[in-house]
Amino acid sequence: MTETTISSVLKEDRMFPPPEAFQSNAHIKSMAQYDKLWNLAKDQPEVFWGEQAKDLLDWHTPFSKVMEWNDPFVKWFSDGELNASYNCLDRHLETRGNKPAIIWEGEPGDSRIISYRELYEEVCRFANGLKKLGVQKGDVATIYMPMIPELTIAVLACARLGVTHSVIFGGFSAEAIADRNNDASAKIVITADGGYRRGKVIPLKDQVDASIEHSPTVEHVLVCRRTRQDITMDPIRDHWLHELTSDVSSDCPPEFVNSEHPLFILYTSGSTGKPKGIKHTTGGYLLGATLSSRFIFDLKEDDIYWCTADVGWITGHSYIVYGPLANGTTSVMYEGAPNHPDFGRFWSIVERYDVSIFYTAPTAIRAFIKAGDELPKKHDLSSLRLLGTVGEPINPEAWMWYHEVIGQKRCPIVDTWWQTETGSIMIAPLPGVTPTLPGSATKPFFGVVPEIVDKKGQPVPDGHGGYLVLSQPWPSMLRTIHGDDDRFKETYWSQVPGKYFTGDGARQDENGYYWILGRIDDVLNVSGHRLSTMEIESALVSHPAVAEAAVVGMPHDLKGEGIFCFVTLEGAGSKLSSDELKSQLTSHVASHIGAIAKPDEIRFTDALPKTRSGKIMRRLLRDIAAGRETSGDTTTLEDHGVLDSLRQ
Ligand code: WTA
């Protein structure tokens with residue numbers, strides 16, 4: 001973005017007030033109630049958050065301090081002690097012991113229903129297994145697993161012992177696992193033999209094996225049996241979960257930790273190549289996840305709640321594991337792809353388990369639209385009462401389809417804007433209160449004070465786009481980038497001093513509603529997953545045939561943003577045909593980063609458009625990738641001929 005403000009053309013005036021029946025039963029019923037709480041959280045954050053923390057969480061040692069702000073480092077409830085797994089399990093045993101905590105369905109069709117008591121016991125056994133391996137408070141465990149109950153169990157077992165978890169999405173490559181193991185100094189990797197995706201077995205253990213050679217800190221690999229294909233087990237380093245836990249007790253006292261003890265690290269892409277280990281701590285994070293789940297999903301005792309994300313992303317951490325379980329909710333978990341065996345799979349799950357709250361991503365919604373209305377219409381979706389979306393801006397037409405075909409005009413939609421860094425939802429409607437407009441995330445949640453500013457940090461006039469910043473600390477905010485406080489300050493706190501810089505553009509309309517305009521840095525949002533253009537470029541350049549690469553986003557019907565790569569080749573070029581080279585480069589990127597980063601289009605060129613000082617002019621490349629006329633100032637371009645040849 002070179003202009004000081006972002007121009008925005010979207011105009012939307014279809015407004016949907018919450019249905020009366022929903023409103024009268026909701027936790028928060030009126031705009032006046034919302035305003036009162038929002039103002040309290042803004043003007044007296046310590047009062048608001050102190051009360052909520054006492055109300056919603058169980059503390060082993062009560063806190064006396066609520067917040068300490070030492071720009072830009074924050075601590076919440078810093079003299080309190082608690083345990084996150086205790087809050088998700090133990091405290092429910094008396095009243096909800098037999099209630100399903102997890103309803104799980106595997107891709108092949110197998111299923112399990114796990115009660116709170118059973119989940120408690122499994123977590124305790126897992127934790128006792130970890131103890132046998134000498135894993136303890138302060139260690140870091142990498143978790144690289146399919147979407148099976150043992151993933152949630154592993155996460156909670158770590159939390160139980162004060163072990164910091166670092167979950168890596170199962171689509172990442174061995175190299176990506178090794179990078180993250182090293183950055184976090186992981187002591188153990190918890191994985192499975194494999195997982196099912198689109199009818200195939202994903203060989204997770206093989207990827208872990210390939211990563212271990214380059215992961216000197218890892219002492220143990222713990223393997224859960226899922227797919228039963230042949231894998232190699234190292235007799236010293238590797239352990240089967242079922243053998244390790246065959247003789248352990250199903251009780252394991254929780255390790256109560258300081259509120260600021262690191263609960264997890266989660267790696268995400270930034271605008272430079274190296275992934276950032278976003279660090280979240282215990283008390284504040286858990287409070288943010290718990291409170292937002294309760295009010296934004298309006299959770300009730302008999303809800304069957306389903307978030308379709310993967311636990312490998314922040315959405316799965318906050319809204320499959322911690323938020324719903326801390327609230328004692330029944331949470332559905334599905335292992336596989338939405339189109340296995342066909343695009344009716346999600347609707348069949350909704351029907352069979354009576355799902356009442358359904359939370360998914362715009363990229364999935366667009367795929368469903370394309371697959372046609374017949375599939376959802378074949379299923380009884382009348383159990384649904386609330387829908388949600390997350391991950392990228394939802395285009396109004398997709399919103400309307402979701403509203404009409406899935407929600408059958410009966411269900412409010414909560415479009416939730418947030419980030420790995422924010423830990424919990426920041427901007428979203430309250431479903432019993434906020435009239436929704438297709439495409440708008442509407443209003444800030446409690447404790448969230450957004451502002452829209454220009455490059456100099458000055459507020460932009462109403463209706464204009466600008467940079468979205470958050471001007472007040474909140475409990476679930478990231479504490480730092482693991483091992484790199486300087487990068488933390490530089491990335492989030494240097495653009496507008498004293499305010500958290502989101503990296504997103506936004507505008508506010510005349511109703512005060514927020515409209516997220518997407519990323520403004522060099523980060524792509526592909527199917528709701530953040531990928532750094534720089535990271536893909538360095539993967540390309542590491543191929544011997546490539547001299548230079550520039551990667552930009554392009555509009556993509558299903559993925560939202562697709563990956564467009566401009567590549568210049570080494571002097572003599574390659575002996576391969578251009579199609580062969582393209583497919584080689586595609587697998588090269590997949591093996592360096594993972595299948596999620598596979599290029600959608602590769603274009604070979606003799607040169608890239610650069611300024612006289614040698615900077616690649618990405619703005620021009622974005623125009624070309626989108627098939628648009630190049631617009632804006634090109635006077636700084638060094639060689640105008642380059643543009644003509646690129647367009648061909
Ligand atoms: C984008 C996912 C518009 C945004 C929870 C943000 C959204 C990035 C929305 C964070 C939404 C997420 N509307 N854009 N409702 N939700 N985004 O860290 O660009 O994987 O900065 O967290 O996704 O992605 P992340």
Side-chain angles (χ1 to χ4, degrees), residues 1 6 8 10 167-169 171-172 264-271 275-280 285 288-289 292-293 296 307-320 322-323 359-366 387-396 398-399 402 413-429 434 436-445 448 450 465 467-470 476-478 481 491-492 500-507 513-532 553 559-561 596:
M1 193 173 73
I6 306 168
S8 156
L10 204 66
V167 184
I168 303 178
F169 173 62
F172 279 112
F264 65 87
I265 300 170
L266 183 57
Y267 285 87
T268 188
S269 295
S271 53
K276 303 181 279 195
I278 303 300
K279 186 165 123 183
H280 282 286
Y285 168 79
S292 57
S293 297
I296 296 169
C307 164
T308 70
D310 192 291
V311 173
W313 309 110
I314 190 68
T315 306
H317 282 59
S318 303
Y319 299 110
I320 294 178
Y322 289 111
Y359 188 32
T360 196
T363 184
I365 296 171
R366 288 190 296 266
L387 303 175
T389 83
V390 59
E392 51 178 313
I394 181 165
N395 40 311
W399 196 103
Y402 199 29
I413 297 179
V414 288
D415 174 357
T416 63
W417 174 85
W418 60 296
Q419 308 178 299
T420 306
E421 293 86 341
T422 68
S424 59
I425 297 169
M426 296 282 104
I427 303 181
T434 322
T436 49
L437 286 177
S440 171
T442 75
K443 305 186 88 167
F445 190 57
V448 180
Y467 302 112
L468 179 66
V469 298
L470 304 177
S476 68
M477 67 192 266
L478 79 163
I481 294 173
T491 310
Y492 303 109
Y500 169 82
F501 183 74
T502 65
D504 280 346
R507 86 182 158 87
Y513 279 24
Y514 289 88
W515 297 76
I516 307 297
L517 305 172
R519 300 294 305 178
I520 45 161
D521 50 18
D522 290 321
V523 173
L524 303 181
N525 191 327
V526 179
S527 301
H529 300 145
R530 280 160 66 175
L531 296 171
S532 146
K559 298 180 177 180
E561 230 174 347
I596 46 169

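Keep in mind that this is a model prediction, so the values were computed, not measured. We use all heavy atoms of the structure for the numbers below, so side chains are in, but hydrogens, waters and symmetry mates are not. All ligand and atom numbering here is 1-based and tracks the order in the structure.
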Practice task
Could you see which bit of D504 sits under 4.0 Å from ligand 1, with heavy atoms only: side chain, backbone, both or neither?
Solution key: side chain

Exercise for the section: Before accepting this row, confirm whether a basic side-chain N of the pair E561/R519 lies closer than 4.0 Å to the acidic partner's carboxylate O. Expected result: no

Exercise for the section: Using a strict cut-off of 4.0 Å, indicate which atoms of ligand 1 neighbour a heavy atom of I516. Expected result: 3 (C), 14 (N)

Exercise for the section: Check whether any heavy atom of W418 sits under 4.0 Å from an atom of ligand 1. Expected result: yes

Problem - Result of checking L470, V469, I520 against T502 for side-chain contact (heavy atoms from CB on, under 4.5 Å) - result: L470

Exercise for the section: Would you please indicate yes or no on a ring centroid separation below 6.0 angstrom for Y285 and F264? Expected result: yes

Completion exercise
Of R530, E421, H317, E392, the one whose closest heavy atom lies nearest atom 8 (C) of ligand 1 is R530

Exercise for the section: Nearest heavy atom to atom 3 (C) of ligand 1 wins, so pick from G528, P393, G505. Expected result: P393

Problem - Whether A441 lies under 4.0 Å from ligand 1, heavy atom - result: no

Handout entry: N525: numbered ligand 1 atoms lying under 4.0 Å from its heavy atoms
Key = 1 (C), 23 (O)

Practice task
Give the contacting part of I394 toward ligand 1: side chain, backbone, both or neither, where contact means a heavy-atom distance below 4.0 Å.
Solution key: neither

Completion exercise
Min over G503, G391, G560 of heavy-atom distance to atom 1 (C) of ligand 1 lands on G391

